[in-house]
4 protein chains.
Amino acid sequence: MSDRPKRIPPYRLAAAELAAEIRSGIYDQGEPFPSESALCARFGMATMTIRRALEVLREEQGLITTRWGKGSAVVPPAERPAPEIE
Amino acid sequence: MSDRPKRIPPYRLAAAELAAEIRSGIYDQGEPFPSESALCARFGMATMTIRRALEVLREEQGLITTRWGKGSAVVPPAERPAPEIE
Amino acid sequence: MSDRPKRIPPYRLAAAELAAEIRSGIYDQGEPFPSESALCARFGMATMTIRRALEVLREEQGLITTRWGKGSAVVPPAERPAPEIE
Amino acid sequence: MSDRPKRIPPYRLAAAELAAEIRSGIYDQGEPFPSESALCARFGMATMTIRRALEVLREEQGLITTRWGKGSAVVPPAERPAPEIE
DNA sequence: GTGGTCTAGACCACC
DNA sequence: GTGGTCTAGACCACA
């Protein structure tokens, strides 16, 4: 009972998928980062869940920056912190 | 030079239409008041314009109450102030 | 004294110049019509003067349409009324 | 989960800064109150946000008066309401 | 040339 | 999934 595998929360899954996309470079040629509502539609998640995912990308991984009312933008590769080995 | 009539701002038109509906009683049988986004779609107006219309209904006419995160509700007829004669 | 030449008001000059541009077709390939503030800068005129010029293009000549908060757009050539011979 | 402080909305920050300036008296020697567009430039905020800040100064704090087409003016110190202790 | 209203979105905070 | 705030402009109406 105490040894079952850890459940990964949905916001982590979304964050991981988006982080992989960012690191793949698909947003580096001028593609704007998707809005919260677009991500809600794409992942089928609630606003709050997507917001937690974006918070991970922003605070924990430093991959995006967000401006209230304007949207999120991907941090240029040169300024990105190296991915953490866990 | 020209004789054009005074322009009534769009938020006033929406407010007047909604006030008439409220006074007609169609929201008194348990109908919930439409959300901002529903009203945006119905009137073809932007969020801020609809919010301005709801502000008129709330502050000026006392026909609705609004709660953050819950939506607006119609004030029961007994508690409504009499319509202003202008 | 009574036979001096008619002075053409500035808003008519601006309207004539813009009408010629519209009829030349330079706005028909997706060029957006300039905003009021852009036209103020370009013609060195006050807001009200430019607004009168745009009013001529809209009401008198039917060359543009205007949406509050969005800007003006050029009417497609097919829908334009023939230019008045004066 | 985290211990972040409550976010103060930008319009409140601008209002607080302007209120402090008004109370410091720098507008009492005939200095005109800055226009909305000047405040937009100074604070790097959009029109609507600055308008919200001015609304606080006007409605909530009674520090300024505003006249359509003329601009805002600072209320003389003698007529100002005492600052609210919160 | 000011303040006032509007657009078409975005993100933020609450339920 | 609501209402609340914000952006970056546009046009409208007053003085």
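Sequence lines set the chain letters: A, B, ... in the order given, protein chains first and strands last, and positions in each chain run from 1.
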Peer 1: Rounded off to whole Å, could you give me the NZ-to-P distance for the C:K70 and F:dC11 pair?
Peer 2: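 About 11 Å, once rounded to whole Å.
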Peer 1: If you take atom types as modelled and just measure distance, does the side chain of A:W68 reach the base of E:dC11 with a donor-acceptor pair under 3.5 Å?
Peer 2: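 By the distance-only test, yes, there is a pair.
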Peer 1: State whether C:R67 places a side-chain N or O below 4.0 Å from either non-bridging phosphate oxygen (OP1 or OP2) of E:dC6.
Peer 2: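 Indeed not, no polar side-chain atom of C:R67 lies that close.
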Peer 1: Rounded to whole angstroms, how far apart are CD1 on A:I64 and C1' on E:dA10?
Peer 2: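 Roughly 13 Å, once rounded to whole Å.
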Peer 1: Nearest 0.5 Å, please: how far is OG in B:S72 from CD in B:E36?
Peer 2: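 OG of B:S72 is found 7.0 Å from CD of B:E36.
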Peer 1: Find the distance between OH (B:Y11) and CZ (B:R51) and round it off to the nearest 0.5 Å.
Peer 2: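 Answer rounded to 0.5 Å: 14.5 Å.
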Peer 1: Under 3.5 Å for both distances, Watson-Crick or G-U wobble, that's the pair rule; now give the dot-bracket for DNA chain F, with | marking pairs to another strand and [ ] for crossing ones.
Peer 2: ||||||||||||||.
Peer 1: In whole angstroms, how far is the P atom of F:dA8 from the CZ atom of D:F43?
Peer 2: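 Result: 16 Å.
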Peer 1: Can you identify which nucleotide, out of E:dT5, F:dA13, F:dG3, has its nearest atom closest to the B:Y11 side chain?
Peer 2: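 The listed nucleotide nearest to B:Y11's side chain is E:dT5.
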Peer 1: Consider the side chain of B:T66, meaning its heavy atoms from C-beta on, and name the nucleotide among F:dG4, E:dG3, E:dC11 that approaches it most closely.
Peer 2: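 Minimum distance to the B:T66 side chain belongs to F:dG4.
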Peer 1: Side chains of A:W68 and D:R7, heavy atoms from C-beta outward: is any pair under 4.5 Å?
Peer 2: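 Answer yes - side chains close enough.
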Peer 1: Nearest 0.5 angstrom please: D:L63 CG to D:R58 CZ, how far?
Peer 2: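 Reported value, rounded in 0.5 Å steps: 11.5 Å.
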Peer 1: Is B:M45 close to B:R52 at the side-chain level, that is, under 4.5 Å between some pair of heavy atoms?
Peer 2: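 When only atoms from C-beta onward are counted, B:M45 and B:R52 do not touch, as no gap falls below 4.5 Å.
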Peer 1: Please report, rounded to the nearest Å, how far the P atom of F:dT5 is from the CD1 atom of D:I8.
Peer 2: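 In whole Å, F:dT5 P lies 14 Å from D:I8 CD1.
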Peer 1: To the nearest 0.5 Å, what is the distance between CG on D:L13 and OG1 on D:T49?
Peer 2: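 That separation rounds to 11.5 Å.
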Peer 1: Let's see if you get this right: which residues in residues 46-56 of chain B place a heavy atom under 4.0 Å from DNA chain F?
Peer 2: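 Heavy-atom cutoff 4.0 Å gives B:M48, B:R51.
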Peer 1: I need the B:L39 CG to B:L18 CG distance, nearest 0.5 Å.
Peer 2: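 Nearest 0.5 Å value for the CG-CG distance: 5.5 Å.
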Peer 1: Which atoms form the tightest heavy-atom contact between D:R23 and D:R80, and what is the distance?
Peer 2: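 Scanning both residues, the minimum pair turns out to be CA-NH1, 3.9 Å.
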Peer 1: Any idea which of E:dC11, F:dT7, F:dG4 is nearest the B:E36 side chain?
Peer 2: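 Among E:dC11, F:dT7, F:dG4, the one nearest the side chain of B:E36 is F:dG4.
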Peer 1: To the nearest Å, give me how far apart CE (B:M45) and P (E:dT7) are.
Peer 2: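 Whole-Å distance recorded here is 7 Å.
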Peer 1: Side-chain N or O of D:S37 less than 4.0 angstrom from OP1 or OP2 on E:dT2?
Peer 2: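 Looking at the OP1 and OP2 atoms of E:dT2, one of them is under 4.0 Å from a side-chain N or O of D:S37.
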Peer 1: For D:R12 and C:A38, take the nucleotide of DNA chain F holding the closest heavy atom to each; which residue's nucleotide lies nearer the 5' end?
Peer 2: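 This one resolves to D:R12.
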Peer 1: Quick check: on DNA chain F, is the nucleotide nearest C:S72 upstream (toward 5') of the one nearest D:G69, or the reverse? Name the residue that is more 5'.
Peer 2: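 Residue closer to the 5' terminus by nearest nucleotide: C:S72.
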Peer 1: Find the distance between CD (A:E21) and CG (A:L57) and round it off to the nearest 0.5 Å.
Peer 2: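 Going from the CD atom of A:E21 to the CG atom of A:L57 covers 10.0 Å.
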